[in-house]
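See below for the structure under consideration.
We number each residue from 1, following the sequence as shown. Read the numbers this way: they start at 1 and go in the same order the structure lists the ligands and their atoms.
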Amino acid sequence: MSMVKQTIRDDVQSTQAYVVAPSEGMLKLDAMENPHELPEALRAELADLLKDASLNRYPVPTLAGVESALRASTSIPTAAKVMFGNGSDELIDIIIRSCCMPGDCVLSPVPTFVMYAVSAQWAHARFVGVDLKPDFTLDIPATLKAISVNQPKVVFLAYPNNPTGVALTQAEIVQIIQAAPGLVVVDEAYEAFAEDSFISRLLEFPNVLVLRTLSKLGLAGIRLGYAVASQPWIEQLDKVRPPYNVNILTRVVAEFALNHFEVITQQTRALKDNRKTLSDSLRSLGQGRPEFQVYDSHANFLLVRLNQALEVFESLKKQGILVKYLGKAHPLLQNCLRITVSTESENQQFLNALQQALAQIDAKAA
Ligand SMILES: Cc1ncc(COP(=O)(O)O)c(C=O)c1O
């Protein structure tokens with residue numbers, strides 16, 4: 001047996017690496033990115049700031065400028081504390097490692113964002129997924145029962161959920177918070193595209209943390225997420241955070257972008273409008289196709305169920321358009337595709353390609 005095989009954990013060896021689909025030259029509608037960049041004039045200003053960043057120094061330990069820009073642009077309760085991460089992915093990992101000893105439970109309704117289960121696995125925690133109902137709303141009795149049986153240290157609620165786009169009701173969130181014996185993480189990665197947020201209610205409860213990210217706001221490349229919670233939670237979690245986890249380039253870009261939050265708001269508002277147009281167009285494209293279903297979304301993507309989704313995915317790919325095929329991710333997602341909402345012209349490009357894909361499939365079947 002090789003030294004690698006003898007040394008690396010068995011569960012690591014039997015796991016596939018997270019695959020980021022190759023996308024060079026393609027229209028990328030698979031990863032919920034914001035299609036807009038900062039306007040040219042702002043980018044030039046930002047380049048000047050980056051020129052003066054002290055790359056030879058470790059980053060300063062606090063992100064005070066980012067935090068005050070954030071507090072000015074979002075409704076973080078004044079008494080709540082903020083902790084930053086290298087994307088919210090890192091914060092999910094820190095939360096689980098801070099709370100769970102081997103064998104402790106992490107629970108979430110599923111299907112949901114995969115990193116909750118992945119981070120639980122690497123922490124030797126036990127991930128319990130509670131199936132959503134077929135319409136992707138919460139199965140409250142099953143969830144409450146699973147909480148009571150498994151006594152999770154951490155419950156993750158993606159609000160709105162990825163990959164379904166469905167949002168829990170706040171009454172459901174409260175029911176879960178009150179039933180949970182440990183921390184409830186309300187993951188608001190898609191808050192900018194939703195109608196509601198839980199952040200203002202955070203401090204009503206002793207066991208809630210709200211997770212946010214700049215990734216869906218046109219800043220996926222800088223990797224910055226943040227956790228908002230009462231002081232005692234952040235004080236403990238901060239011990240597990242690696243020092244210097246947010247690099248200086250991220251800090252400079254985030255502070256600059258957040259100080260121009262009106263640009264971000266304008267972009268997200270346009271994407272919300274485009275979501276409506278795209279879902280309307282998809283629904284009319286699906287007319288006469290009994291299996292074709294477009295789910296209502298509160299995020300910057302749409303979940304669509306249609307016949308032969310894998311063939312449609314492949315045909316789109318051949319036409320240079322990358323979406324996410326979810327058919328293998330969970331039994332409830334059979335024949336589902338997830339499509340990021342983009343600009344009007346990119347959405348139209350996608351619709352044209354989809355029409356072509358459906359026509360090809362129909363012709364084969366005829
Ligand atoms: C629900 C949810 N939480 C967190 C993340 C991770 O975001 P980040 O880019 O900040 O790591 C994603 C990314 O898709 C997500 O869908």
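- Taking the six-membered ring for Trp, Phe127 and Tyr116 have ring centres at least 6.0 Å apart.
- Each of Val210, Ile76, Val66, Ile234 was compared with Val82 under the side-chain contact (heavy atoms from CB on, under 4.5 Å) criterion, and only Ile76 meets it.
- Hydrophobic cluster of Tyr244: the remaining members, joined at side-chain heavy-atom separations below 4.5 Å, are Tyr58, listed by chain and number.
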Pair up each side-chain donor or acceptor in residues 171-184 with any protein partner under 3.5 Å, not counting sequence neighbours, and list the distances.
residue : atom : partner : partner atom : Å
Glu172  : OE1  : Thr169  : N            : 2.8
Glu172  : OE1  : Thr169  : OG1          : 3.4

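- By the side chain to side chain contact (heavy atoms under 4.5 Å, CB included) test, Asn335 is found to be paired with Glu291, Arg305, Asn307, Ala309, residues two or more places apart in sequence or in another chain being considered.
- At a threshold of 4.5 Å between non-hydrogen side-chain atoms, the residues Leu322 and Leu29 do not count as touching.
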Can you list every pair where an N/O of ligand 1 is under 3.5 Å from an N/O on the protein?
residue  : atom   : partner : partner atom : Å
ligand 1 : 3 (N)  : Asp187  : OD1          : 3.4
ligand 1 : 3 (N)  : Asp187  : OD2          : 2.6
ligand 1 : 7 (O)  : Ser88   : OG           : 3.1
ligand 1 : 9 (O)  : Ser215  : OG           : 2.6
ligand 1 : 9 (O)  : Arg223  : NH1          : 2.6
ligand 1 : 10 (O) : Ser88   : N            : 2.7
ligand 1 : 10 (O) : Ser88   : OG           : 2.8
ligand 1 : 10 (O) : Thr213  : OG1          : 2.6
ligand 1 : 10 (O) : Ser215  : OG           : 3.4
ligand 1 : 11 (O) : Ser88   : N            : 3.1
ligand 1 : 11 (O) : Asp89   : N            : 3.0
ligand 1 : 11 (O) : Asp89   : OD1          : 3.3
ligand 1 : 11 (O) : Arg223  : NH1          : 3.4
ligand 1 : 11 (O) : Arg223  : NH2          : 2.8
ligand 1 : 14 (O) : Tyr190  : OH           : 3.3
ligand 1 : 14 (O) : Lys216  : NZ           : 2.9
ligand 1 : 16 (O) : Asn162  : ND2          : 2.8
ligand 1 : 16 (O) : Tyr190  : OH           : 2.7

